[in-house]
Each structure stands twice: as structure tokens, then as C-alpha cells.
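Here the structure is laid out as C-alpha cells; the discussion comes afterwards.
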There are 2 protein chains.
Amino acid sequence: MQKKRVTLADVARLAGLSPTAASMILTGRPDTRLSAEAHAKVHAAAAELGYRPNVAARALRTDQSRSIAFISDYVATTRFASGLIRGALSAADAAKNVLLVLETGGEPARTLRAIEAALDRQVDGVILAAMRAREVFLPDIAIPVPTVMLNGTNARFPTSVLPDEFEGGRTAVRLLVEAGVTDRLVLLGHNPEDERGQFRSEPISRRLAGIRAEMAAHGLTFATELSSWDWEVANGYDLVRRLLRKERPKGLLCLNDRLAFGAYQALGEAHLSIPGDVALISFDNDELASYLRPGLTTIALPHGNMGQLAIELLLGAKPAAGEHLVPMSAVRRGSLPTTTL
Amino acid sequence: MQKKRVTLADVARLAGLSPTAASMILTGRPDTRLSAEAHAKVHAAAAELGYRPNVAARALRTDQSRSIAFISDYVATTRFASGLIRGALSAADAAKNVLLVLETGGEPARTLRAIEAALDRQVDGVILAAMRAREVFLPDIAIPVPTVMLNGTNARFPTSVLPDEFEGGRTAVRLLVEAGVTDRLVLLGHNPEDERGQFRSEPISRRLAGIRAEMAAHGLTFATELSSWDWEVANGYDLVRRLLRKERPKGLLCLNDRLAFGAYQALGEAHLSIPGDVALISFDNDELASYLRPGLTTIALPHGNMGQLAIELLLGAKPAAGEHLVPMSAVRRGSLPTTTL
DNA sequence: CATCCTTGCTAAAACCATTTAGCAAATGCA
DNA sequence: TGCATTTGCTAAATGGTTTTAGCAAGGATG
């Protein structure tokens, strides 16, 4: 006894009206001249039958599917990076949209397949998200629906959502200054001399620019700047171990939380206390930051808000071109000394 | 100059055949009697025009959308948990399907909305995934398409994919034994006496049962069993700190990686070396495990394989009822001593 | 030569919601 | 009263694909 799907025609029949009337009433057209009585009857009938519109049929007619493609190089590299999806998901849900999630692994062929699969399904918009790469590769295929770049940029699609790295960089330095940590400062993760000719991604360049701008504003300089191309835990550990053989820093500005974790390990081995001997501040607000002991003070990547904004831009009248910068907020934990004024 | 979509009719016209013929040829029907010449002409025409079928139209006609709903309480709680999605994604991609990802936050109302949204879109199947909760709440709504439970169970849907926790538990103990760590063993995270009346989820019960079975098989017992309802880093730290005041363990069997990380912190403070003084083994193969120093040996949750299997079951002729257990493999790092035979 | 089968193909219906064009009755206005 | 307008509603076309039913031509069979 398999139930047939309830169609609009069924609703109309029960309400004693035409499908036209039922459609107009249920889709909530404003300029319709149908009577209040008709409205009531149709809604009653729909409720009684448990009518749910067939999205495929609607899509066929209107070219709108109420679904959005979220195409990402990686679905999530960190728990916190999954905030990008989560934010998008909840904004989409709020707008009665659904997310088609596709992963490309950064591979051109898979990216092309993903875009085609999405377009075949009549998505109303596309989000091109980058978890790792910042400059997003895009195959040469036209995307005839609104598109926004998330956490990355590409010349073909002018609308993008990015963290406000410049301000984030400034905030990190400001926190250090507020905590009274102003000398024997070490920058962990980048050294312009060592990386001459290499190209750091745009957002990271801005983070660094923000840091330097605020340092300069306070008349401060780094005692040492340690370069590492990768920013993994092991790099942080190695760098700080080597650092400690030569000098005793008072503050470490780490370019991400994984580097900071490595620094914790090296400092722990050297029996240096945090933040008593060495203060740390970092970026990302990775899952790790809350696990560390003491907790790591860090400038959060606002993933959730970014994902949400991307959807909102897409669903808005017309995605405003340009970069939309989302503020990075400081998450204060125990790795900076508290100033007792 | 906006291009109109290329339709099947366009292809047929260019090929000089009927849409019927074109459809049959392009969908690759086996029992068709169309000439080889017709096949060639249609394929050539499709290629020339860059024809892509309209999935909405096809879904309308066939009730098949080549898309699958992935409905999860949380999209990802850990980077490694996102392996569930990633595995599903790649299997879906391989089968030319697309994943509709929906998050419920564990809320009944949102779960209902998610299922409805998915069914409205004619999904061919549903994966009900659990990242946190193991017993999945399900609203009382019929799901008229194949459904598989992923990383959780529910009486209404007999097909489920689960990690083989019992074997995983046994493996952990076996590794300890192989490494020669057989006395002063401590179980971190569970004590049956302290948790009397509390209900641990099914998979965790199995993990514990596997551990106890293998311990018994080797004639071993735990010197101490430490209970903690939550398995966060801080719990591991507190438990081990208190433990070290009273006794000096030689091996720690941690019920997850976060507890193990807490143990690392406490052991580090006490200047105990790993694995020299204390050996550790754990479960999950969380992101953390590779960050620790030395690396944490852990029994991996096979998220990727699980996600993949779920899709394969769904797309198979008929999802075989019953529990499908996916092996948990050991990831050897440095937290167990290496036996030099 | 009439009948039947096979081969190669097509016309048209069906899927379900939206939308354009328009009809009939009631009302308003002069 | 006569005409125009408004009100309340509907018939039918539309979107693109799949699928059922069946047609015409050619060959085989008796």
C-alpha cells in the first residue's frame, strides 16, 4: 500500500479550486485577487493532505532549485575550519535552502566535475571555498549563476568573503602591548629575508602587514624572526628549540596555533613557564588552542560568520562585488600575562 | 547574448533523429534496436553541443535525482570525524551522485526540517549520521527511500555502519602486551563501579568489552580504573595528576585521544618520559595524536571507510540489513616502547 | 502472394508546478 | 441604461526528459 505523492492537483481538487489558484495561494503571490475564503480552503486542503511541493517540477519550471553548491578544495581541514560549512549550512537552512557539498581536493579535473554536477542540478548559486589554497584554481567553464568566493580570491569572481587579516594582525600586537610584553619579541613562522622570492598568499601577507603596522605604531621591533614555510606543530617545536639555545624570548607571536603548540612543547621541555617566562599569542583559534595548558590566546578566524555571510550575499538581490572582510576577534586565554592595573 | 540551455531536442535535431532515439542512446539502454550509425550521430551531436541533461526534468520523470542526503547531528566535530563526510563524498562522486549535507544539531525540529527538505528534493537515499550521539533521535516521519545509519543505530533502520569497537578494544590491549607493558596498567576514562547505573553508548560498551576480553585472555588486570564521564583534555589531565600522587603506572590505556593528551600534560609536568616511564595507547586517531611528542599510538576510527561503505550500501541493489562493522586499525607512533626481540 | 516477424525508428503521453492569457460576473460610473 | 473596470477565478501552455505504444519497411516463411 504505497502512498502516491500528494500533488498540487490533489490539493486543488480537495479545495474545490483550480491548480492555478492553489499554486498562487501556496506560493504566496502578493498581487493575486483570490478571495480570503479561497486562501483558507487551499491552506486547509494542503495541511490535510500533508502536501509538499515537488522541488524537481518547480525547478524545471522556474529554473530555481533552492539549493546552493558549496564547492571546496577540502571539506574540512580542522574542526574549526568546518565552521565555514556550518555557518553556510545554518544560513542556508534559515533561507529554506539546501547545500550541495562537493570536494575537489584541489584537483582541476575534480573541480570541473564538481561544477558541472552542481550546474546540472540547477543550483541557484555557487560558493567556491578554499580551506587550504588561497588562490583558487578554476577551470575555464562559465558559471551562469551568482558565485561567491569564500576564504579565497579569484579574478573571475569579484565577490569574496575573507577574514580581516590586517586588523587581526594589528589586534595580536595590541594584545601583546596591553599585556606589557614589549621586548624580546619573536615572530614565529616568517622571516622576510629567508623567504625572499617566495610568495605567501594574499591573506597571510595582510596578516603580516597588520602585525608590522601595529609594531611600528608602538615603536617596537622583533628581536628575531623565524621562518618556516609549513606551519605545523613540528616546525614550531624545532624553531623554538633552536631559538632557546641562543636567546631567551619574552614573547612569541606565532603565525598559527599549530606553530604555537610546537612552541609549547619546546618551552615545556626547557622548563619555561607560560606566560611567566614566555608569553604567547597566535592566530586561528584552532581546536588546539583550548586544549593547551595554559589555554592559548589567539586571534580567531571567524569561520562561522564567513560561511553565513557567503550565503547571505548569494541569496541577496545581487552579490555586491568586492571583498567582504569579516572581523577576527581575540579569544583570551592564559598564554598572555594579565595586566593588573 | 545569453546562451539557452542545450536540450535533448537540440541534440536530436542536430543528429537528425527523434528525441526518443537520442534519449535511449544517451542513457545507454541495453535492449534498444537503434543502429550503430544512430548511436554515432547522437553522441557526436551531444558532444558538439556540449549537451548536459537537465537533472530536474529527469528527476521529475524518473523520481531519481542522483543525489543523496547526508544528515548529521554535527557536520564535523573533529577533523578526523569529517572523514565520514569525506569518504561519503568520494564514493558519491565515483557513482556520479551528489551529497546534500544537512546538519541537525541534534534538535528534533531541525532534524524533521532536514528530512523534509531532503525528501522534497527527491533524494535517492538518506544517510543518518551521528558524530556525537550514538543513539540517534528520529522524528516520526516516513522515509520512503533507502536509509542507512552511519556511526549510530536506530531500531527503525536496520542497516548501519559502525566501527568494529570490540576488535579495536582487543587490538589496543594486544599492542600493549606486544610492547611488553603488562603490569601497573591503568584504564583512563571508565570505572564500572563509579558509573553503575549510568549508560555508556553501545559502541563504547563494545570497546570496553573488547578491552576486558583481551585482558582476560592474557590473564591481566588493571591496577586502577579511572572514571570520567566526559573525555576532554582537562579530564585526562586532572585524572592523571591525581593518579600520580598515589601511584606510578607503567602503562595508560586511554579511552580516547583527548584524554591521552591530558595525560601527556600531567606526565610532562611530573617529568616522566613517554614511553620510557609510562607507555600510552589510545583510541580515535584524532588530529591530535600526530601532534603529540612523542606521537600517540592509537586505534583509529575508520571514518573514511565508514562514509564510503555507507554510500556503497545505499547505492547497492538493496542495503543489506544488519550492522556492518568496519575494522579499526592501529596507528603506531612513539608512545609505546618498541620491543627489540 | 499473403502473413508474420524483425528492424529501426517516432509520436505522444506522462511527470508536476508555474504562469500567461483570458473569461464571466459583479460593480462603478456617467 | 450602457460602458468600462474590477473581482475572482480557470484553461492551457510550458519546462526537458523518459517511456509506452506503435508505425513503416524489409525480409522470411509457407
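Naming convention: chains lettered A, B, ... in sequence-line order (proteins, then strands); numbering from 1 in each chain.
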_Contact residues, residues 9-19 of chain A to DNA chain D [heavy atom, < 4.0 Å]_ = A:L17, A:S18
*Quick one: salt bridge (charged side-chain N to carboxylate O under 4.0 Å, His left out) partners of B:D164, sequence neighbours excluded?*
none
With 3.5 Å as the limit, what N/O pairs link the protein to nucleotides 23-29 of chain D?
none

_Any donor-acceptor pair under 3.5 Å from A:T27 side chain to A:S23 backbone_ = yes
*With no hydrogens and no angle check, is any side-chain donor or acceptor of A:N151 less than 3.5 Å from a backbone partner on A:A129?*
no
*asked:* Between the opening five pairs and the closing five pairs of the helix from C:dC1-D:dG30 to C:dA30-D:dT1, how far apart are the helix axes, to 10°?
replied: 60°
*By nearest nucleotide on DNA chain C, pick out whichever of B:L60 and B:L34 is the more 5' one.*
B:L34
_For A:R113, give me all partners under salt bridge (charged side-chain N to carboxylate O under 4.0 Å, His left out), at least two apart in sequence or on another chain._
B:D93
_Holding to side chain to side chain donor-acceptor pair (under 3.5 Å), I want the full list of residues that pass it with B:R156, two or more places apart in sequence or in another chain._
none
*asked:* Measure CZ/A:R121 against C1'/D:dT17 and give the value in whole Å, please.
replied: 15 Å
*asked:* Can you measure A:I25 atom CD1 to D:dC9 atom P for me and round it to whole angstrom units?
replied: 8 Å
*side chain to side chain donor-acceptor pair (under 3.5 Å) partners for A:S67, two or more places apart*: A:S65
*Give, ordered by number, those residues of residues 39-58 of chain A having at least one heavy-atom distance below 4.0 Å to an atom of DNA chain C; if nothing qualifies, reply none.*
A:Y51, A:P53, A:N54, A:A57, A:R58
*Measure from CD on B:Q64 to P on C:dC15 and round the result to the nearest Å.*
17 Å
*Checking all strands, does A:A59 fall into the base, sugar-phosphate, or nothing category for heavy-atom contacts under 4.0 angstrom?*
nothing
*side chain to side chain donor-acceptor pair (under 3.5 Å) involving A:Q122 - partner list, sequence neighbours excluded*: none
In a table with atom names and distances, give each donor-acceptor pair under 3.5 Å that connects a side chain of residues 46-53 of chain B to protein atoms at least two apart or in another chain.
| unit_1 | atom_1 | unit_2 | atom_2 | d |
| --- | --- | --- | --- | --- |
| B:R52 | NH1 | A:D120 | OD1 | 3.1 |
| B:R52 | NH1 | A:D120 | OD2 | 2.5 |

*Between D:dT10 and A:T20, is there an OP1 or OP2 to side-chain N/O distance shorter than 4.0 Å?*
no
*Is the phosphate of D:dT18, meaning OP1 or OP2, less than 4.0 Å from a side-chain N or O of B:T62?*
no
*Which residues satisfy the salt bridge (charged side-chain N to carboxylate O under 4.0 Å, His left out) test with A:E107, sequence neighbours excluded?*
none
For residues 36-44 of chain A, dump all side-chain donor-acceptor pairs below 3.5 Å to protein atoms at least two apart in sequence or in another chain.
| unit_1 | atom_1 | unit_2 | atom_2 | d |
| --- | --- | --- | --- | --- |
| A:H39 | ND1 | A:S35 | O | 3.0 |
| A:H43 | ND1 | A:H39 | O | 3.2 |

_In the structure I gave you, are the side-chain heavy atoms of A:R86 and A:H303 within less than 4.5 Å of one another anywhere?_
no
*asked:* Any side-chain to backbone donor/acceptor pair from A:T147 onto A:V145? Under 3.5 Å, distance only.
replied: yes
_Please report the distance, rounded to the nearest Å, between CG in A:D120 and P in D:dG16._
14 Å
*Please give, in whole Å, the distance from D:dG15 P to A:Q122 CD?*
14 Å
*Atom CG of B:D63 to atom C1' of C:dA14: distance rounded to whole Å?*
12 Å
*Atom pair distance, as rounded to whole Å: CG in B:L26 and P in D:dT18*: 8 Å
*Rounded to whole angstroms, how far apart are CD on A:E37 and C1' on D:dC9?*
12 Å
*Is there a donor-acceptor pair under 3.5 Å between the side chain of B:R121 and the backbone N or O of A:R66?*
yes
*asked:* Within the 4.0 Å heavy-atom criterion, would you say B:S35 contacts the bases, only the backbone, or no part of the nucleic acid?
replied: sugar-phosphate
_Side-chain (B:T159) to main-chain (B:A320) donor-acceptor, under 3.5 angstrom_ = yes
